[in-house]
Amino acid sequence: MKTPKRYLISAALPYANGLKHIGHLAGAYLPADIYVRYLKAQKRDVVFVCGSDEHGTAIPIQATKEGTTAQAIIDKYHPIIEQNFKDLGIAFDIYHRTSDPLHHQTASEFFKDLESRGDLETKTTEQYFDQQANTFLADRYIKGTCPNCSHGEAYGDQCEKCGKSLSPEELINPVSTLSGNAPIKKETTHWYLPLNRHEDFLRKWLLEQHANDWRPAVIGQCKSWIEGGLQPRAVTRDLDWGVKVPVAGGDGKVLYVWFDAPIGYISATKQWAINNDKDWKPYWNDPETKLVHFIGKDNIVFHCIIFPVMLKLHGNILPENVPANEFMNLEGDKMSTSRGWSIEMDDYINKWIKKENGGEALADCLRFYLNAIAPESKDSEFTWKGFQDAVNGELVSIFANFVNRTWVLMHKLTKGKVPKIHIEYLDDDDNALLLAVKETKEKITTLLEQYKFRDAQFEVINLARLGNQYMQKKEPWILAKNVDTDPTAQAKIDNCMHGCLQLTANLAILINPFLPFTAKKMCHLMKVVDRMLEWENAGKFDLLKVGYSLRPPELLFRKIEDEEIAAELAQLNANAAAKKIKMETTNTNPAASNADQANESGIATLKPEIVFDDFGKIDLRVGTIIEAKKVEKADKLLELLVDLGFEQRTILSGIAMHFKPEDIVGKQVTIVANLAPRKMRGIESKGMILMAEDAKGKLYFVSPSEAIASGSTIA
RNA sequence: GGCGAGGUAGCUCAGUUGGUUAGAGCACAGGAUUCAUAACCCUGAGGUCACGAGUUCAAAUCUCGUUCUCGCUACCA
């Protein structure tokens with residue numbers, strides 16, 4: 001394979017609305033960092049970009065909630081996240097932010113370019129509008145009951161309780177978070193990216209060219225999208241937080257956050273170029289540049305479908321690969337910051353690294369374990385016990401112990417110096433060791449080029465294991481007892497120690513992409529400069545010069561104690577319990593903890609007052625369910641035949657998860673009889689059945705207290 | 001409901017185009033050793049490859065069906 005002229009490596013822009021957890025780290029940042037460190041050791045021309053994603057609707061919402069400004073929020077989290085990455089050895093060449101003027105300018109120009117060439121369409125649709133606040137409501141500004149889990153405070157784009165992605169239309173009882181009023185629908189015009197125009201391109205590029213060299217999950221997901229029929233996607237929103245739409249008619253509108261965020265990779269590159277007096281253009285325009293996006297699986301569609309279309313239209317290069325990782329779970333459950341079930345990078349840093357017995361070594365311990373269980377092909381699971389086992393059992397016992405016993409022996413048996421080689425006593429074991437180092441280097445190189453970081457790291461540990469075996473076989477501590485009687489003993493000791501020392505130097509080079517702090521410390525022990533860590537030096541056995549005296553032994557890592565693990569587990573459970581109580585007391589479902597006062601804070605904010613005439617428009621009737629069956633290909637819909645006395649109608653209701661069809665036949669219910677018909681799943685529904693819902697999401701029919709004639713009016 | 005990815009030893013995972021007794025690490029058991037952070041080294045035990053059919057001389061691998069987990073997506077008037 002031809003070596004690319006240069007590389008542009010990106011890691012997903014973290015959203016600057018809070019702390020990021022180790023799942024994020026394992027998903028995108030750590031693999032990206034390993035790859036970049038490897039490339040740099042290969043002396044390749046590479047730029048590693050990242051930055052805070054600071055737009056989107058969640059941030060101003062959060063600001064309102066916390067009584068502060070959007071700017072204050074991003075100004076709070078941007079530096080923390082940036083520092084967290086630094087503390088964990090994630091070495092971006094630039095950590096930029098999308099609120100920077102340079103980014104606004106870059107994103108603006110990008111949009112204008114596409115718009116001027118007719119690559120965007122405009123479309124007028126109805127969107128939720130808050131009359132009191134006189135503004136359109138972005139997804140995040142609408143709250144309501146989650147249709148999936150019945151959580152009372154789901155947002156228009158996602159329910160934070162069950163994590164389901166939503167659209168505002170799906171919410172039950174939508175309410176504006178600005179005024180507390182129910183929103184109305186109003187027309188608005190937006191720009192769209194017509195993905196449907198690029199189906200052929202995507203098919204060819206993804207499904208033909210990259211069918212075999214991209215990860216199956218990535219290709220599978222893309223295929224699913226393409227086969228499902230590509231739709232134009234809105235690229236603007238009615239909002240005032242973000243990059244202003246820079247063309248006529250764009251007043252009061254900003255670029256949709258997903259449109260502007262990936263452009264952040266480009267503006268970050270520009271900023272890097274300015275800082276380093278370089279030209280950014282080849283990194284995004286020259287086909288000889290290899291572009292790789294590191295992301296989590298939730299980002300696949302944006303990076304593999306939408307952004308590539310944007311790049312193609314704008315005349316940029318396309319990603320060579322998008323090695324998306326799956327998710328990392330924690331102790332048997334999904335990681336979630338809002339539920340308190342996660343390990344924040346910031347917490348880990350404060351608890352483990354910035355402690356007396358911590359330090360950079362503990363950063364490498366986390367890197368080691370996260371990479372060892374990286375969810376490269378399927379979801380994986382972080383357990384504190386697993387962390388302890390991996391660190392104590394492999395990193396300390398195999399790797400660090402080899403280095404330590406080498407150092408101790410070297411000081412005991414060869415005066416703390418690199419001994420000379422006695423060629424006449426070299427044997428097959430010595431040759432095998434050298435050969436193994438060379439082979440391992442090749443293996444690791446191949447694995448890294450294939451984004452198989454977990455396997456690559458395993459090979460390094462294996463090489464250290466081989467070192468232990470080599471030393472065990474040579475037994476220099478036994479030979480040392482015979483130095484006086486056996487004239488060859490010292491020579492054999494020298495050869496063994498020489499081999500072990502050169503192996504250590506090689507281990508430092510090979511472990512460097514994964515555990516940079518450790519590699520640095522090993523350089524310190526060996527008294528060599530960092531340049532020794534260049535990849536081309538791996539496989540050489542003359543890295544440490546004969547006669548050179550090295551530093552006294554020093555442990556690379558400490559062991560993780562049982563009590564520390566127990567404390568973390570206790571903390572995790574305490575956090576989750578605390579968050580749970582908080583959620584239950586602050587959200588709309590007090591009944592979960594106090595069933596007697598179910599309406600303490602109300603299921604939803606009271607809707608705005610209406611006049612009697614408004615009410616009079618609604619024709620409520622008593623109906624009797626005479627038939628009920630499940631709608632095919634729908635999980636939640638029941639098709640009901642309801643007798644209204646004067647006629648029988650088909651009414652669809654989303655209650656299939658709560659009631660079995662046979663159990664509700666004969667039930668009398670309240671019907672909105674004059675609601676406009678609506679087609680769902682191909683069946684027309686003429687009316688609506690009223691349901692009451694309790695705090696736990698359980699549904700109840702609203703029925704007359706005694707049997708009454710079907711069709712009776714309700715007022 | 002549709003689509004995608006998974007289900008392999010107690011745990012975490014490998015298994016290339018179907019080819020002898022299905023691999024590794026951890027954990028476990030036994031042995032050996034003491035230079036080393038009770039570390040290392042050797043040996044061992046362990047799996048109906050989710051389940052059921054089919055294709056084949058031969059299936060963890062290919063086909064179909066069933067089932068479970070995760071993700072995306074549709075349905076809630």
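Just so we're on the same page: letters track the sequence lines, and every chain starts at 1.
The shortest distance between the side-chain N/O atoms of Arg465(A) and the OP1/OP2 oxygens of C26(B) is below 4.0 Å. Put simply, Lys378(A) has no side-chain N or O that comes within less than 4.0 Å of OP1 or OP2 on C13(B). Within the structure, every side-chain polar atom (N or O) of Arg215(A) is placed at least 4.0 Å from both OP1 and OP2 of A5(B). Look at Ser397(A) and you won't find any side-chain N or O under 4.0 angstrom from OP1 or OP2 of A36(B). Under 4.0 angstrom from either OP1 or OP2 of C3(B) there lies no side-chain N or O belonging to Gln221(A). OP1 or OP2 of C70(B) has not a single side-chain nitrogen or oxygen of Lys334(A) nearer than 4.0 Å.
Side-chain proximity of Met471(A) to C35(B), G4(B), A39(B): nearest is C35(B). Distances were taken from every side-chain heavy atom of Gln469(A) (C-beta onward) to each of A14(B), C42(B), C40(B); the shortest belongs to C42(B). In the set U37(B), C70(B), G4(B), the nucleotide with an atom closest to the side chain of Lys297(A) is C70(B). For Asp379(A), taking side-chain heavy atoms from C-beta onward, the closest of the listed nucleotides C3(B), A5(B), C70(B) is C70(B). Of the candidates U34(B), G25(B), C40(B), G25(B) carries the atom nearest the Glu394(A) side chain, counting heavy atoms from C-beta on. Nearest nucleotide to the Val396(A) side chain, out of G4(B), C35(B), U37(B): U37(B). Among G6(B), G71(B), C35(B), the nucleotide with an atom closest to any side-chain atom of Pro216(A) is G6(B). Closest to the side chain of Ile478(A), out of C26(B), A24(B), U34(B), is U34(B). Here the nucleotide nearest the side chain of Leu637(A), chosen from C75(B), G25(B), A36(B), is C75(B). Picking from U37(B), C35(B), C13(B) the nucleotide with the shortest atom distance to the side chain of Lys412(A) gives C35(B).
As rounded to the nearest Å, G46(B) and U21(B) have C1' atoms that lie 15 Å from one another. Using C1' as the reference atom, A24(B) and G54(B) are 33 Å apart when rounded to the nearest Å. Going from the P atom of A29(B) to that of C68(B) covers 38 Å, rounded to whole Å. Taking atom C1' in both U61(B) and U17(B), one finds a spacing of 11 Å when rounded to whole Å. C42(B) and A50(B) have their P atoms separated by 31 Å, given to the nearest Å. The separation of G10(B) from A45(B), taken at their P atoms, amounts to 15 Å, rounded to a whole angstrom. C28(B) and C11(B): their C1' atoms are spaced 12 Å apart (whole Å). Between A53(B) and U16(B), the distance separating the two C1' atoms is 28 Å to the nearest Å.
Note: CH2 (Trp477(A)) to P (C40(B)) measures 13 Å, nearest angstrom. Between the P atom of G6(B) and the CD atom of Glu376(A) lies a distance of 14 Å, rounded to the nearest Å. We find that CG of Leu501(A) is positioned 18 Å from P of C35(B), with the value rounded to whole Å. Rounded to whole Å, atom P of U73(B) lies 11 Å from atom CG of Asp298(A). The distance between atom CZ of Phe387(A) and atom P of C11(B), rounded to the nearest whole Å, is 22 Å. Put simply, CG on Asn404(A) is 13 Å from P on C40(B), counting in whole angstrom units. Between the CZ atom of Phe399(A) and the P atom of A39(B) there is a distance of 19 Å, given to the nearest Å. Atom P of nucleotide A39(B) and atom CG of Asp389(A) are separated by 11 Å, given to the nearest angstrom.
Both distances falling under 3.5 Å, in either a Watson-Crick or a G-U wobble arrangement, place C70(B) opposite G4(B). Nucleotide C51(B): paired with G65(B) (Watson-Crick or G-U wobble, both distances less than 3.5 Å). As the counterpart of G30(B), C42(B) is assigned, both hydrogen-bonding distances of the Watson-Crick or G-U wobble pattern falling under 3.5 Å.
Heavy-atom distances to RNA chain B give each of Ala390(A) and Asp455(A) a nearest nucleotide, and the one nearer the 5′ end belongs to Asp455(A). Judged by closest nucleotide on RNA chain B, Lys452(A) is the one of Lys452(A) and Lys385(A) placed further toward the 5' end.
Here Ala372(A) lies out of heavy-atom contact (under 4.0 Å) with every strand. Using a 4.0 Å heavy-atom cutoff across all strands shown, Thr406(A) reaches no nucleic acid atom at all. Residue-level contact check: Phe458(A) touches the backbone only, with heavy atoms under 4.0 Å from sugar-phosphate atoms and none from bases.
Between Arg465(A) and Asn462(A), the side chains place a donor N or O and an acceptor N or O closer than 3.5 Å (distance only, hydrogens not considered).
The aromatic rings of Phe307(A) and His293(A) are tilted relative to each other, their planes meeting at an angle between 30° and 60°. Classified by interplanar angle (parallel below 30°, tilted 30° to 60°, perpendicular above 60°), the ring pair His24(A)/His21(A) is parallel.
Arg367(A) contributes atom CZ, which lies 14.0 Å from atom CD1 of Ile22(A) (distance to the nearest 0.5 angstrom). For the atom pair OG1 of Thr440(A) and CG of Leu463(A), the computed distance is 4.5 Å after rounding to the nearest 0.5 Å.
Remark: side-chain polar atoms of Gln502(A) are paired, donor with acceptor, to backbone N or O of Leu544(A) under 3.5 angstrom.
Aromatic pair Phe382(A)/Tyr369(A): ring centres closer than 6.0 Å.
A salt bridge (Lys or Arg N to Asp or Glu O under 4.0 Å) with Lys473(A) is found for one member of Asp429(A), Asp428(A), Asp427(A) and no other, namely Asp429(A).
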